[in-house]
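Keep in mind that what you see is a predicted model, and the values were worked out from it rather than measured.
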Amino acid sequence: MRICFMYGILSFMKVRYTYRLRPSKTARRRLMREWGMCRYVWNRMVEESKRRHELNRDEGRLHDEGFGDKTAQRYLTILRNLTCDEHGDRWLREGSVVAQQQTVRDFSKARKKALLDRKNGIAPGKRAGLPRFKSKRDSTATLNYTTRGFSLYDDDGGTRLRLAGGIGIPVVWSRPLPGKPSSVRVSQDTDGHWYASFVVDKPAETPLPETGRAIGIDPGVSTLMTCATIDGNGIVDETGAYDLPHPEYGRKAHLELARLQRRMAKERRPKRQKPSNRYLKNKRRAAEIQRRVQRQRQDTANKWARRIVRDHDNIAMEDFKPKFLAKTTMARKAADGAIASVKHALEWQALKHSRTLRLVNPSDTTKRCAHCGAIAKHRIPLKERTFRCDSCRMSRARDKNSALNMLCRAGFIPDGVDGVNPRWDAVPTGTRPANREIPRL
């Protein structure tokens, strides 16, 4: 989802609304035919890009010359006019030109991003790669349409989606659209289900009423997110009313998923042979389990983030990096809890409802005492869950102490938790800033 600002006074958002589609057998067949044409266009673009790259390299020119967006669109026109089957029929012209043009735009955008990353010297493991060929077996159908390629019309069964070429599809309207959509993306997931994602211009929501409360959030081990709050009177609450317990959706589905994957391994055939029906059945069931776990994680993250934003004006959260957590002993639990999705959900909710969210540098927040500000001189092992300060003899839960340090470092408790100045030192050089604030609408 993208956020747009207009004249600094009126603000609106471009938001995606996704709905389930119920296409008939004929509609599914026509959608897959459209996807086959778009996939053919994509692969021809990749082939032409590689050909021109080799030609430019032999002639000593830059590899990004001669195949920009306009050139790719002209090449699409040539493909539509000259691509014929064995009977001489121009079968590519039978497909939607809107969907094919959007495929070319997506290709040009991906190629431009890859060339820009290479030009800026980004490491190979971190930069975007050049577009690759899409196979029929491994790629999922995705069709993009602008306003002239789709429409919504009323039928006896409700409002339907009509795509270019007269493809009518019933839509499961789980919630109403807030406005007129400017584009739609029709896609198929690994389970074989079809979805329509509409892009709508939505006015910014009315800010929530002020509460005068602030909250500090620290990712934990036993608890996914540990919270400590402070109200307008300076009273600190460490009871954990807003803590997010670890749901462990992945661990609960692990046994069933492992059983299906063992069956798939036994039924797997060589690469060029058609897979058996039993293999495809187990593959679909495994995909359904993974999709269910994914949706459970997203639902839990969104509900928790909405509750945090509703009850607090100021939010301080550790600016952790999910890739860093993947290299620690917390990797399995962090992945099962979808800790990055929780962070993104909180950022979006704070931006959506005009709350102040500051991402705090995690340097020394675990070793620093939230009461007096002293830093422990020894390394605290992860198995030690209680923080004990050698200077003031204060004892607190380790994650609660870190959550309070988030509030102090973000500036929401400038005098410390107990009214004592915690002597916040400057952040060491070479690290991230002390805090960075998410812009508000």
Do the side chains of [Y] and [X] get nearer than 4.5 Å, heavy atoms only?
{"X": "Pro131", "Y": "Trp42", "answer": "yes"}
{"X": "Gln102", "Y": "Tyr145", "answer": "no"}
{"X": "Asp237", "Y": "Ile230", "answer": "no"}
{"X": "Arg22", "Y": "Trp194", "answer": "no"}

Report task. Look at Asp69 together with Arg74 and state whether they make a salt bridge at an N to O cut-off of under 4.0 Å. Result ->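 No, Asp69 and Arg74 are not salt-bridged.
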Could you check whether any side-chain N or O of [X] sits under 3.5 Å from a backbone N or O of [Y], counting only pairs where one atom can act as donor and the other as acceptor?
{"X": "Arg162", "Y": "Gly168", "answer": "no"}
{"X": "Arg358", "Y": "Ala410", "answer": "yes"}
{"X": "Asp313", "Y": "Gly212", "answer": "yes"}
{"X": "Arg30", "Y": "Gly165", "answer": "yes"}
{"X": "His312", "Y": "Ile308", "answer": "yes"}
{"X": "Arg269", "Y": "Lys274", "answer": "yes"}
{"X": "Lys134", "Y": "Asn43", "answer": "no"}
{"X": "Ser135", "Y": "Asp138", "answer": "yes"}
{"X": "Glu34", "Y": "Ser96", "answer": "yes"}
{"X": "Asp336", "Y": "Arg251", "answer": "yes"}

Query raised in the report: Is Arg160 positioned over the aromatic face of Tyr153, cation under 6.0 angstrom from the ring centre and no more than 45 degrees off axis?
Result: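 That pair does not qualify as a cation-pi contact.
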Report task. Only pairs at least two apart or in different chains count here, so list each ring pair (Phe, Tyr, Trp, His ring centres under 6.0 Å) that has a residue in residues 254-300. Result ->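 Matches after skipping sequence neighbours: none remain.
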[Y] versus [X], side-chain donor and acceptor atoms under 3.5 Å:
{"X": "Arg111", "Y": "Ser49", "result": "yes"}
{"X": "Asp154", "Y": "Thr159", "result": "yes"}
{"X": "Asp311", "Y": "Tyr242", "result": "yes"}
{"X": "Arg295", "Y": "Gln298", "result": "no"}

Report task. Kindly indicate, with the supporting measurements, whether the criterion salt bridge (charged side-chain N to carboxylate O under 4.0 Å, His left out) is fulfilled by Glu48 and Arg44. Result -> CA-CA 6 Å; Glu48 181 67 15; Arg44 290 299 301 269; 6.0 Å; no
Query raised in the report: Do the rings of Trp173 and Phe198 sit parallel, tilted or perpendicular, given the 30° and 60° boundaries?
Result: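 It falls in the parallel class, under 30°.
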Query raised in the report: Should the pair Tyr19 and Tyr17 be assigned to parallel (<30°), tilted (30 to 60°) or perpendicular (>60°) ring geometry?
Result: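 Correct class here is parallel.
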Report task. Take atom CZ of Arg332 as the centre, draw a 6.0 Å sphere, and report whether it contains more than 12 heavy atoms from other residues, nucleotides or ligands. Result ->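 At most 12 heavy atoms, drawn from other residues, nucleotides or ligands, come within 6.0 Å of this atom.
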Query - Minimum heavy-atom distance between Ala27 and Ile167, given as atom pair plus value - result: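 Taking Ala27 first and Ile167 second, the nearest heavy atoms are CB-CG2, 4.2 Å.
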